[in-house]
Amino acid sequence: GHENIGHENIRVETRGRVGLITLNRPKVLNALNKSTMDELVAAATAFDADPGVGAVVITGSAKAFAAGADIKEMASQSYMDMYAADWFRHWEDLTRLRIPLVAAVSGYALGGGCELAMMCDLVIAADSARFGQPEISLGVLPGMGGTQRLTRAVGKALAMDMILTGRQIDAEEALRAGLVSRVVAAERLLDEALEAAGTIAEKSKPVAMLAKEAVSTAFETGVTHGVQIERRLFHSAFATEDQKEGMAAFVEKRKPEFRHR
Ligand code: CO8
């Protein structure tokens, strides 16, 4: 099981075939300190490896998905401290997981919180969600991928606006800009995210992983190389029993019984 033992900053549970990770530092609006990062990456990595789990939801509280990296933990660090520890490098491990990650965002997703949401594959927002990269006001800049992923997600104009001025955008603007795929009423947020993740988890897990890798490649590389990678990944789906079953079921007009889910 994925018990909560050893976790101080997150809650971990499963809902059917969906893994649910809830950031749980309410007093500091889920500020992302180092141990939160370690626990979250470990929990998501365990779900990735568990054949009984097909997708993961990462969420926070009603008031805050996460209000950024923990400023109190960073405030007195020197350049050498940051460089020697390669501060935040471990977050990259989250982006290397193959299982689909769904961010369910309510309230503040600022700084590292916005960057964490952007490390996920689907972002579903409550109408209360607010996204921003306020680092400039603290005398720093985004350091967990924000300058890269926000620019890819919403384009240069809005990314520059947000990163240089610190302006926050609400859920509707995030939807228009393509930062999130759905906006729902705050009280519906977790159900909507669990349903989306549940839908993914009903598919073949290895094939969902291939599809995630292919779309991530589009996001991270140029189109020509990405299309080549996509074709190879598409070919490799034909090595799975689930491809045989999925296509046979369609031809036979019945529901597929995926073996790897
Ligand atoms: N870090 C630490 N503590 C925080 C953080 C944070 N990011 N955000 C909020 N808190 C704490 C507050 O200090 C406060 O604690 P206390 O009760 O002890 O004073 C508690 O949470 C509640 O916060 P507020 O009283 O401020 O709540 P409000 O409702 O008044 O305001 C805001 C909510 C607007 C979200 C406000 O808390 C805020 O502006 N927070 C900071 C947002 C921010 O600047 N985030 C960016 C952080 S930097 C970052 O993420 C950089 C990542 C990459 C760095 C790269 C380095 C290599």
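Both ligands and their constituent atoms are indexed starting at 1 by order of listing. What's counted below: heavy atoms across the whole structure, side chains too, no hydrogens, waters or symmetry copies. We count residues from 1, following the sequence as given.
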With side chain to side chain contact (heavy atoms under 4.5 Å, CB included) as the test, would you mind laying out the steps for Ile99 and Asp50 before giving the verdict?
CA-CA 10 Å; Ile99 193 167; Asp50 182 347; over 6 Å; no
Step by step, work out the side chain to side chain contact (heavy atoms under 4.5 Å, CB included) result for Trp87 and Met74.
CA-CA 9 Å; Trp87 205 273; Met74 284 185 295; 3.9 Å; yes
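For the residue pair Asn33 and Glu73, no side-chain donor N or O sits within less than 3.5 Å of a side-chain acceptor on the partner. Donor-acceptor pairing under 3.5 Å is lacking for the side chains of Asp48 and Thr45.
In the displayed structure, Glu257 atom CD is contacted under 6.0 Å by at most 12 heavy atoms of other residues, nucleotides or ligands.
Placement of Tyr108 and Leu189 in two distinct hydrophobic clusters is found when ILVMFWY residues are connected by side-chain heavy-atom separations under 4.5 Å, directly or transitively.
Protein residues having at least one heavy atom under 4.0 Å from any atom of ligand 1 are Lys27, Val28, Leu29, Ala31, Lys63, Ala67, Gly68, Ala69, Asp70, Ile71, Lys72, Met74, Met82, Phe88, Tyr108, Leu110, Gly111, Gly112, Glu115, Pro134, Glu135, Leu138, Gly143, listed by chain and number.
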